[in-house]
Amino acid sequence: MAEIVIDGLIKSFGATPVLRDVSLRVADGEFVSLLGPSGCGKTTLLRIVAGLETQDAGTVRIGARAVDDLAPKARDVAMVFQSYALYPYMTVAENIGLPLQMRRLSRAQRLPLIGASLPGTRAIRADIEAEIVKTAEGLGIGHLLDRRPGQLSGGQRQRVALARAMVRHPAAFLMDEPLSNLDAKLRVKARAEIAGLHRRLGATFVYVTHDQTEAMTMSDRVAVMMEGRIAQFAAPQTLYDDPETLAVAAFIGAPEINVLPAKRRGDGAVEVAGAVWSAALPDAGGAELHAGVRPESWRIAPRAAHADPAWLAAEVRHIEHLGSETLIHCALARGGHAVVARVEPALAAGFRAGDGASLAPDTTKVLYFGADGARLRGARPMAARIQPALAHHG
Amino acid sequence: MDRMTRRMSPAAFAFAAFRHAVLGLGSVLMLAPFVLMVAISLKPPGEIFAPVFTLLPETWAIWENYGAAFQRQPLARFLFNGFAITFAIFALQALTALPCAYALAKLRWRGRETTFVFVLLGLLIPPQVTAIPLYILMWQLGILDTYAAIVMPSAISVFGIFLMRQFFRTVPDDLIHAARLDGLGEFAIVWRIMLPTAIPALIAFGILSFVWNWNEFFWPLIVVQSEELAPPPLGIVFFANAEAGTAYGPLMAAATVVNAPLVLAFLFAQRWFIDGVTMTGVK
Ligand SMILES: Nc1ncnc2c1ncn2[C@@H]1O[C@H](COP(=O)(O)OP(=O)(O)OP(=O)(O)O)[C@@H](O)[C@H]1O
Ligand SMILES: [Mg+2]
């Protein structure tokens with residue numbers, strides 16, 4: 001068991017900077033996701049932690065040890081790869097057993113024929129065999145031990161990859177999009193299984209994904225990576241409710257947060273596409289702002305005209321029924337901005353494409369960002385600002 | 001067949017016929033010497049120079065010719081030499097090519113690309129060019145007229161390195177990463193992870209290596225004087241010289257025997273050979 005401390009990592013491939021000063025502290029036993037768009041350097045970061053890639057600058061500490069000079073095998077971490085990287089010419093049992101063989105048997109004991117006759121080899125091999133079976137059965141792949149990876153389904157391969165990582169009880173697990181090759185149904189199931197595995201093992205997990213649902217549902221904390229930097233590192237709900245930057249706000253949440261250009265007015269309120277919203281904003285931060293409204297923060301009413309100046313006139317463009325909720329896509333009358341509102345299905349019944357509608361946000365939930373994308377925080381009710389205590393397992 | 005020809009336009013049919021004719025003619029030209037070789041090896045001396053050529057003899061002389069081939073010369077010894085030499089060469093080539101190819105394909109080090117250019121240049125150098133320096137080297141080492149002198153110059157095959165490197169490049173990096181995390185050293189990765197995935201390519205290379213070295217005549221001719229070290233082609237020449245070219249039947253019988261392993265090896269491994277070659281195709 002170990003905490004992972006990443007400090008000031010910098011890495012370029014040739015002239016391309018991939019990591020620009022990444023620092024991250026993952027607590028012992030914590031489940032942290034690295035979430036970010038494709039190409040932002042998640043895999044590179046994970047590889048550096050595992051020792052498969054060398055950083056240009058910065059340090060990595062696992063537990064009490066700085067591991068920068070240690071070979072991958074000495075770092076006591078296991079990795080699950082996106083492609084699973086199972087050894088194609090070994091059986092499932094051999095795949096799972098290889099890390100144990102390499103660790104417990106001496107070089108001589110590993111030799112074919114001769115090795116078997118050396119003292120102790122037989123007992124160690126029997127132990128390894130027992131652990132392979134135990135690990136495989138724990139993951140429900142006990143009946144597949146004699147197969148080769150080519151004869152397995154995607155879900156089964158993923159479990160073999162997990163078993164190979166688990167079997168040596170590493171201090172930390174590094175997982176690089178282990179579910180991205182599974183179909184949607186299987187992915188939901190595997191998500192729950194990995195979360196369960198984390199609870200059972202109590203090991204530190206660093207989980208790379210570009211699927212925000214995965215990150216949000218499984219993690220204690222999520223590190224959002226963008227362009228080689230950690231944009232924000234916080235609990236999932238905090239990322240959603242209280243993003244630090246416009247980029248994070250836009251990345252987290254589906255459908256995306258609605259971003260509208262806003263103007264600060266003298267009286268502290270802001271003007272958005274002709275409507276006036278009350279807002280408590282700090283004095284600094286310039287006149288041009290971005291107002292971010294989550295789809296579920298809208299209130300929506302039929303008819304484009306509304307007496308209250310906080311309401312925006314709009315036209316319904318199209319409606320998506322998702323069963324548990326309904327998305328109403330509108331275009332604002334002033335400026336033509338597209339916005340999405342998420343409402344109860346019952347509430348949506350009165351709307352048709354082409355109808356007029358008016359929209360107003362719950363003004364306590366509007367997120368404001370400066371022209372540079374940095375969050376502007378006002379004197380809003382504190383309850384929404386308190387960061388949830390870092391939940392992790394002891 | 002009928003349906004196919006009917007659906008073809010006359011022009012397409014003519015072209016297909018032409019294509020087959022050219023290919024057919026080509027294969028006849030290629031096969032003719034072999035057919036002749038086998039035919040002569042079956043005939044008694046009187047029939048070999050008969051004015052009318054027949055494929056099959058009137059009186060069969062299999063026993064006489066093949067018996068003579070094995071008795072009048074140490075043909076079995078030549079065959080043994082052939083197998084021993086080609087096997088030793090291939091083993092050494094695999095032993096050197098696999099780690100080199102791995103380093104060139106998968107490890108990152110300064111000078112890698114330059115080294116690879118040298119490997120490619122090595123492909124362009126005909127073996128005759130290096131024959132004299134190598135001969136002097138063998139002489140200085142005092143190993144002229146030994147198996148080692150035949151084997152050593154072929155122990156490193158740039159073609160093998162090139163072929164395996166192309167193949168290794170198609171192996172995903174993650175497989176190697178996984179192996180490093182599982183505790184394998186770089187050599188263990190070569191033998192336990194890369195080698196098994198490369199078996200088809202290695203077999204393809206093995207067959208090419210076998211064919212080349214089995215047929216190798218030039219180099220053994222230079223370094224070998226003793227008849228008992230001669231590989232098959234050289235052995236046959238020793239024999240032909242000794243017998244002053246009179247006994248064509250036994251000579252062709254010996255040639256047939258010497259060629260048989262090549263044909264068998266190719267037939268046996270044809271599937272692997274074609275798989276391996278296409279798999280290393282440039283992607
Ligand atoms: N070995 C390499 N040589 C050169 N460039 C590389 C190498 N590995 C990664 N890169 C580059 O570094 C950047 C980050 O790659 P990385 O694989 O870390 O992204 P990622 O966040 O894991 O993306 P994805 O979600 O698509 O897996 C990419 O632009 C990629 O092209
Ligand atoms: Mg990646």
Side-chain angles (χ1 to χ4, degrees), chain A residues 13-14 43-44 46-54 70-91 94-107 110-112 148-150 160-161 163-165 167-168 170 172-174 176-178 181, chain B residues 91 94-95 98-99 101-103 105-114 116 164 166-206 269 271-272 275-276 278-280 283:
Chain A
F13 287 110
T43 299
T44 307
L46 215 57
R47 285 192 182 147
I48 292 175
V49 173
L52 300 168
E53 198 81 70
T54 331
L70 293 183
K73 63 178 172 186
R75 296 189 176 199
D76 200 17
V77 296
M79 192 155 166
V80 178
F81 297 88
Q82 182 172 3
S83 58
Y84 309 139
L86 300 177
Y87 309 120
Y89 290 85
M90 297 186 194
T91 63
E94 286 163 346
N95 264 283
I96 300 174
L98 188 63
L100 294 184
Q101 263 191 35
M102 298 309 294
R103 280 176 170 74
R104 301 206 186 146
L105 293 172
S106 69
R107 191 177 287 264
R110 285 200 302 269
L111 289 174
R148 286 175 200 274
V160 177
R164 183 175 66 182
V167 75
R168 59 190 169 93
F173 286 86
L174 309 175
D176 192 359
E177 310 200 26
N181 288 333
Chain B
L95 211 62
L98 288 165
Y102 174 68
K106 289 297 180 187
L107 300 181
R108 269 184 253 148
W109 40 282
R110 189 184 272 271
R112 181 178 82 165
E113 301 313 315
T114 323
F116 184 59
M164 298 318 290
Q166 296 307 91
F167 184 83
F168 282 170
R169 277 164 65 87
T170 65
V171 175
D173 282 345
D174 277 352
L175 208 58
I176 295 160
H177 290 160
R180 285 192 189 134
L181 279 163
D182 282 349
L184 276 73
E186 297 303 309
F187 278 104
I189 290 176
V190 173
W191 304 121
R192 296 190 64 173
I193 309 297
M194 303 301 274
L195 173 60
T197 63
I199 292 286
L202 194 64
I203 289 180
F205 172 60
R271 195 176 68 85
W272 287 111
D275 277 3
T278 49
M279 222 178 321
T280 54
K283 277 193 178 170

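These values consider heavy atoms only, across backbone and side chains, with no hydrogens, waters or symmetry-generated copies. A note on names: the letters A, B, ... follow the listed sequences, proteins ahead of strands, and every chain is numbered from 1.
- To the nearest 0.5 Å, atom CZ of residue A/Arg168 and atom CG of residue B/Leu181 are 6.0 Å apart.
- The candidate with the highest count of non-hydrogen atom pairs below 4.5 Å against chain B, out of A/Glu53, A/Met90, A/Arg110, is A/Glu53.
- When heavy atoms are compared at a cutoff of 4.5 Å, A/Leu100 does not approach chain B at all.
- From B/Asp174, atom CG reaches atom CD of A/Gln82 across 8.0 Å, with rounding to the nearest 0.5 Å.
- By the 6.0 Å contact criterion, CZ on B/Phe187 is open, its count of non-hydrogen atoms from other residues, nucleotides or ligands being 12 or less.
- Of the atoms belonging to B/Pro172, not a single heavy atom falls under 4.5 Å from chain A.
- Atom CG of A/Leu46 is separated from atom NE2 of B/His177 by 11.5 Å, given to the nearest 0.5 angstrom.
- Of the atoms belonging to A/Val80, not a single heavy atom falls under 4.5 Å from chain B.
- Here CG of B/Leu184 is found 5.0 Å from CG of A/Leu98. Values are rounded to the nearest 0.5 Å.
- Of the two parts of A/Arg75, neither the backbone nor the side chain holds a non-hydrogen atom closer than 4.5 Å to a non-hydrogen atom of chain B.
- Going from atom OH of A/Tyr87 over to atom CG of B/Asp182 covers 3.5 Å, rounded to the nearest 0.5 Å.
- For chain A, the nearby part of B/Arg108 is the side chain; its heavy atoms alone come within less than 4.5 Å.
- Within the model, atoms CZ of B/Arg180 and CE of A/Met102 stand 13.0 Å from one another, a figure rounded to the nearest 0.5 Å.
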